[in-house]
Structure formats: structure tokens, C-alpha cells
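For reference, the structure is listed below as C-alpha cells.
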There are 2 protein chains.
Amino acid sequence: MRAKKQARQSELQRVLDSNPFLTDEALAAQFGVSVQTIRLDRMELGIPELRERVKLVAHESYAQIRSLSEQELIGQLWELELGVKGVSVLDVTMDMIFAKTKIMRGHHLFAQANSLAVALVDAPVALTAGAEVKFIRPVYPGERLVCTAEVKEKTESRVYVEAVTTSAGNVVFTGKFTIAVVEQNNKEGEA
Amino acid sequence: MRAKKQARQSELQRVLDSNPFLTDEALAAQFGVSVQTIRLDRMELGIPELRERVKLVAHESYAQIRSLSEQELIGQLWELELGVKGVSVLDVTMDMIFAKTKIMRGHHLFAQANSLAVALVDAPVALTAGAEVKFIRPVYPGERLVCTAEVKEKTESRVYVEAVTTSAGNVVFTGKFTIAVVEQNNKEGEA
DNA sequence: TTATAATTAGTACTAGGTGTTAGCATCTAG
DNA sequence: CTAGATGCTAACACCTAGTACTAATTATAA
């Protein structure tokens, strides 16, 4: 019975990790044991009750989605000299990769550089009008991407920004961004 | 007393919209009425109880986050002729925009086109190596973006894809993508 | 065989409700 | 001025998915 209990508990952990919305009753039925056994297992594993689990998921993912949509910059800002240069850092997580190859999806690299380029521009409204980007080598989860963006040229309506993203000192991405500075109701350029 | 009730109910709606994690008791205290009054208000407004609200938030945002990270393609695929052309559609929602200007962030447009370009390539592993993109005009929430991507040229290790995104028939974005086809352990190109 | 571990069962209690009935105060129309 | 409608509060029984605890039963290994 020792091995059986061990197996059930690790399976329970696994099941609740992938689906936290199961009641003790449902779990008891699923495992063919009594509700009390499930409760004891949860106690031993330190897994909170259904309602607490649901509350946790709700709070966490609520906050996560809020921050995702409210986030003006992709990554964390490390340095910013408005109109001159900026540095941001992005840690590559499992939700940024291709499931098959475990390689980071290009648009996340683009997003980090693009949002930094836009943030760099010292104007009330700045929109990306165009970009030329190169993906130098694949990036994998766990890497820390440091993006450095510099203003190269300025005209009345355009700012040219060059960005370089490195991981542990190696360049993984470069981009040239043309940012449109919208004064009033200018129709050119886009975010 | 009629106006008071109306005001309280619309305020209640607003409060619970922005924070669904409040108990009737907390709400009663906040509004200076009895718990029963809050319950009646909820009934009339069709607002479910705390636990149901939490469950909803949990399920919704859980699913949303899951789908965000599992999604291979940004947008919905409408047509796909592997190695030839593809069409995808993306509805612009509030979480894709700049808070200030309500204009869609560039990387979402990039992501739609880029993921379609990659999906188009008939190879086990395809990674974006480079891209040249133009943002023609600002895009706002509610618009439906139709992205059409076509393979223009093919070499042994590279596929050149051109993408055009339109909204209600007007071009809003164009992009030229160079996709690297990785055969074995080729180190060039990136997603 | 017996000590120990694992499981099950039962009871009392909890939060955050629902559903219902009832008692008042207040307003409004006839 | 009064009857009926509207709004607010209270009280009670019930629900779910638990916790906390005690006790009994079953399995197993020494």
C-alpha cells in the first residue's frame, strides 16, 4: 500500500496541476477511493481546496491578462533616454515558443524591439510605419534577451531607430524601425 | 427612493465589473445597505454570486492564457494551400491596442502575418530569418483584419513570402518574410 | 501475530451564498 | 386621507464543498 499511495498522490498532483477545477468527490470517483482519502492526500501534498484553487487561478490569470493588455512595453525597461536610447530585458518563457521546436516565436522578439523603439520616441503619439528585421539565431526558453535601441536619425515626421537584441552577449535579432510622429490628425504611419 | 436604487444598481454593476471578487457582505458595507438589498440588486441585474463570478473569471482567463500560448497561428486560418498561399483573419480587440491612442500595436499585425507566413511553408521546421514590413494606416478595435500570404520564391534553404493585411478592403499592412527551412541541425535562421 | 500505516466513516462546523416569507417604512395616485 | 405599490431589512431553512476531529476498519510488513 505504500507504493499505491505514492503513485496516487503524484498522480493527484499532476491531475490538479493540469485541471484545478475538480472537486474532492470527482477526484475520489476518478481514483476509486473515498473522499476522505483524497482530503488526506491533499493535506499531505499541501494542495488547497477547490474554492481556493479556483480563486488562485482567477486572481493570477486575471492579473496576468490585465498586465498583458495594459503593458505598454514588452519586457522590462532597464534604461531610457527619451529620444536617444533605451534598453529593455525580456525573459523567454514557455508561452513564447513553438510547441514542436521549443524555439521562440519571431513576433515576441519583434514586439520587444518594436515597443522599445516606440517608447524611445519623444512625442505624444508615435507609431511604427515600417521595419526591417533580421532573426540571427534561434532563441530558447530560459534565455534573457537584452534589447538595445538607439535613435539614428530624426526628421519632422519620422524617427529612425535601430535595435539589437542579444542573449548572453550574442546577437540574436536586429531591427531598423521607422517611427511616425503624429502631430495632429496625420493619417500616415501606424502602430 | 427610485433614483437611489437605480444609482446603486448601476454603481454595483460597475464595481463588480471592475472587481468581481467582492462578497455581498463587503458590498453591503460599501453601499451602506443590508446584505439582502445587495442580493436583491444582484438578482435584478442578473449578476451571479461571488463563487460563480470567480469560477467564470478563472475559466475564462485560464482558457485565454492557454489558447494564447498554445496557439500556433495568430488569428483564425481561413484558407491554406501549403507552399502556395494562405489567408487568416484576426479581429482587433481591446487588449491589442495602445491605451492612450486606441491604435493597434504593431506587433500584433506583424504576428498575424508572420505566423501565417511560417504556417505556409511546407517543411517540418520553418523559422523566420528576416522581414521587411510596412504599416500603412492605423488600425482600431473592432476592425477585422484579413491577411493574405503568398509564397513568391523558393530556394533550397529559404522561402520568400509576401503578406498583405486588409481591413474592409483597404490595405493596412504589407510584409515580405524570409523563412528559413531547417533541414537537420542547420544553425541559420530563427523564429 | 501484532504494531503500524492506510483508508473509510461519521459528526460538528464554516463561508457565502439561494429561496422564501414576512414585517415595516415610504411614496404615490385616486 | 388612505390603499396599494415599491423598497429595504430580517429571519429561517437549505445548499455546496469544504475543514477539523475522532473513531473504526482494513491492509501490510516485521
Side-chain angles (χ1 to χ4, degrees), chain A residues 1-70, chain B residues 1-70:
Chain A
M1 277 285 166
R2 276 151 190 67
K4 226 181 245 178
K5 190 188 179 185
Q6 290 288 315
R8 190 188 56 236
Q9 290 197 348
S10 62
E11 179 68 4
L12 182 66
Q13 185 71 262
R14 204 191 54 72
V15 165
L16 286 180
D17 275 347
S18 72
N19 181 4
F21 305 114
L22 296 167
T23 62
D24 287 356
E25 206 168 284
L27 291 162
Q30 188 173 328
F31 284 94
V33 295
S34 73
V35 172
Q36 283 78 2
T37 300
I38 294 294
R39 305 240 224 258
L40 284 173
D41 285 346
R42 273 201 302 102
M43 299 302 134
E44 286 176 28
L45 294 167
I47 298 172
E49 62 168 291
L50 169 65
R51 280 157 175 171
E52 291 306 313
R53 295 196 300 270
V54 171
K55 224 185 280 180
L56 262 172
V57 170
H59 276 98
E60 274 175 19
S61 40
Y62 194 70
Q64 203 174 330
I65 283 187
R66 288 254 156 152
S67 76
L68 270 181
S69 59
E70 280 173 9
Chain B
M1 281 285 169
R2 272 142 191 72
K4 227 181 242 176
K5 190 189 179 185
Q6 290 288 316
R8 189 187 56 236
Q9 291 198 347
S10 62
E11 180 68 5
L12 181 66
Q13 184 72 262
R14 203 191 54 73
V15 165
L16 287 180
D17 275 348
S18 72
N19 180 4
F21 306 112
L22 297 168
T23 64
D24 288 355
E25 206 167 283
L27 291 162
Q30 188 173 329
F31 283 93
V33 295
S34 73
V35 171
Q36 284 77 1
T37 300
I38 295 294
R39 306 240 222 257
L40 284 173
D41 285 346
R42 272 200 300 103
M43 298 302 134
E44 286 177 29
L45 294 168
I47 299 172
E49 61 168 292
L50 168 66
R51 282 159 175 171
E52 291 305 314
R53 295 196 301 271
V54 171
K55 226 185 279 180
L56 262 172
V57 170
H59 274 99
E60 275 175 18
S61 39
Y62 195 70
Q64 204 174 328
I65 284 186
R66 288 255 155 152
S67 75
L68 271 180
S69 58
E70 280 172 9

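Please read all numbers here as calculations on a predicted model, not as lab measurements. Numbers restart at 1 for each chain; the letters A, B, ... are given by sequence-line order, proteins then strands.
- Heavy atoms of other residues, nucleotides or ligands lying less than 6.0 angstrom from CD of B:Glu25 number 12 at most.
- Straight-line distance from the CD1 atom of A:Ile38 to the C1' atom of D:dT19: 16 Å, rounded to whole Å.
- Distance from the side chain of A:Ser34 is smallest to C:dA9 among C:dA6, C:dA9, D:dC8.
- A residue-by-residue look at B:Glu49 and A:Leu40 shows that A:Leu40 has its nearest nucleotide of DNA chain C further toward the 5' end.
- Rounding to the nearest 0.5 angstrom, the gap separating the CD atom in B:Glu11 from the CD atom in B:Gln13 is 11.0 Å.
- Atom CG in A:Leu12 sits 9.5 Å away from atom CG in A:Leu22 (nearest 0.5 Å).
- Within the 4.0 Å cut-off from OP1 or OP2 of D:dA17, not a single side-chain nitrogen or oxygen of A:Arg53 is found.
- Going from atom CD of B:Gln36 over to atom P of D:dA13 covers 15 Å, rounded to whole Å.
- Using a 4.5 Å cut-off on side-chain heavy atoms (C-beta onward), A:Arg51 and B:Val54 make no contact.
- When all heavy atoms of B:Ala7 and B:Ser10 are compared, the closest pair comes out as O-OG, 3.1 Å.
- Of all the heavy atoms in A:Tyr62 and B:Val57, the pair that sits closest is CD1-CG1, 3.5 Å.
- We find that CD of A:Gln6 is positioned 14 Å from P of C:dA5, with the value rounded to whole Å.
- Taking side-chain N and O atoms only, B:Arg42 has a distance below 4.0 Å to OP1 or OP2 of C:dT18.
- Of the candidates C:dG19, D:dT9, D:dT19, C:dG19 carries the atom nearest the B:Met43 side chain, counting heavy atoms from C-beta on.
- Across the protein-nucleic acid pair, A:Glu52 atom CD and C:dT14 atom P stand 17 Å apart, rounded to whole Å.
- Across all non-hydrogen atoms, the minimal contact from B:Phe21 to A:Ala58 is CE2-CB, 3.8 Å.
- Here B:Arg14 contributes atom CZ and B:Asn19 contributes atom CG; the two are 10.5 Å apart, rounded to the nearest 0.5 Å.
- With the nearest nucleotide of DNA chain D identified for both B:Lys55 and B:Glu44, B:Glu44 has the one nearer the 5' end.
- Near DNA chain C, defined here as any heavy-atom distance below 4.0 Å, the residues from residues 9-30 of chain B are B:Thr23, B:Asp24, listed numerically.
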Pairwise N/O distances under 3.5 Å, protein to nucleotides 21-23 of chain C:
none

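- With values rounded to the nearest 0.5 angstrom, A:Asp41 atom CG is found 8.0 Å from A:Phe31 atom CZ.
- Atom CG of A:Leu40 is separated from atom CG of A:Asp24 by 10.5 Å, given to the nearest 0.5 angstrom.
- Ion pair B:Glu52/B:Lys55 flagged as a salt bridge, since at least one NZ, NE, NH1 or NH2 atom sits closer than 4.0 Å to an Asp/Glu carboxylate oxygen.
- Note on A:Val35: nothing from the nucleic acid sits closer than 4.0 angstrom, heavy atoms only.
- Distance, A:Leu50 CG to D:dT19 C1': 14 Å, rounded to whole Å.
- Taking CZ of A:Arg42 as the reference point, atom CD1 of A:Ile38 lies at 8.5 Å (rounded to 0.5 Å).
- Under 4.0 angstrom from either OP1 or OP2 of D:dC8 there lies at least one side-chain N or O belonging to B:Arg8.
- A:Lys5 has its NZ atom 16 Å from the P atom of C:dT4, to the nearest Å.
- Within the structure, every side-chain polar atom (N or O) of B:Thr37 is placed at least 4.0 Å from both OP1 and OP2 of D:dC8.
- Between the base of D:dT16 and the side chain of A:Arg51 there is a donor-acceptor pair shorter than 3.5 Å.
- Straight-line distance from the CZ atom of A:Arg39 to the P atom of D:dG18: 6 Å, rounded to whole Å.
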Each nucleotide N or O in nucleotides 22-24 of chain D that has a protein N or O under 3.5 Å away: list the pair and distance.
none

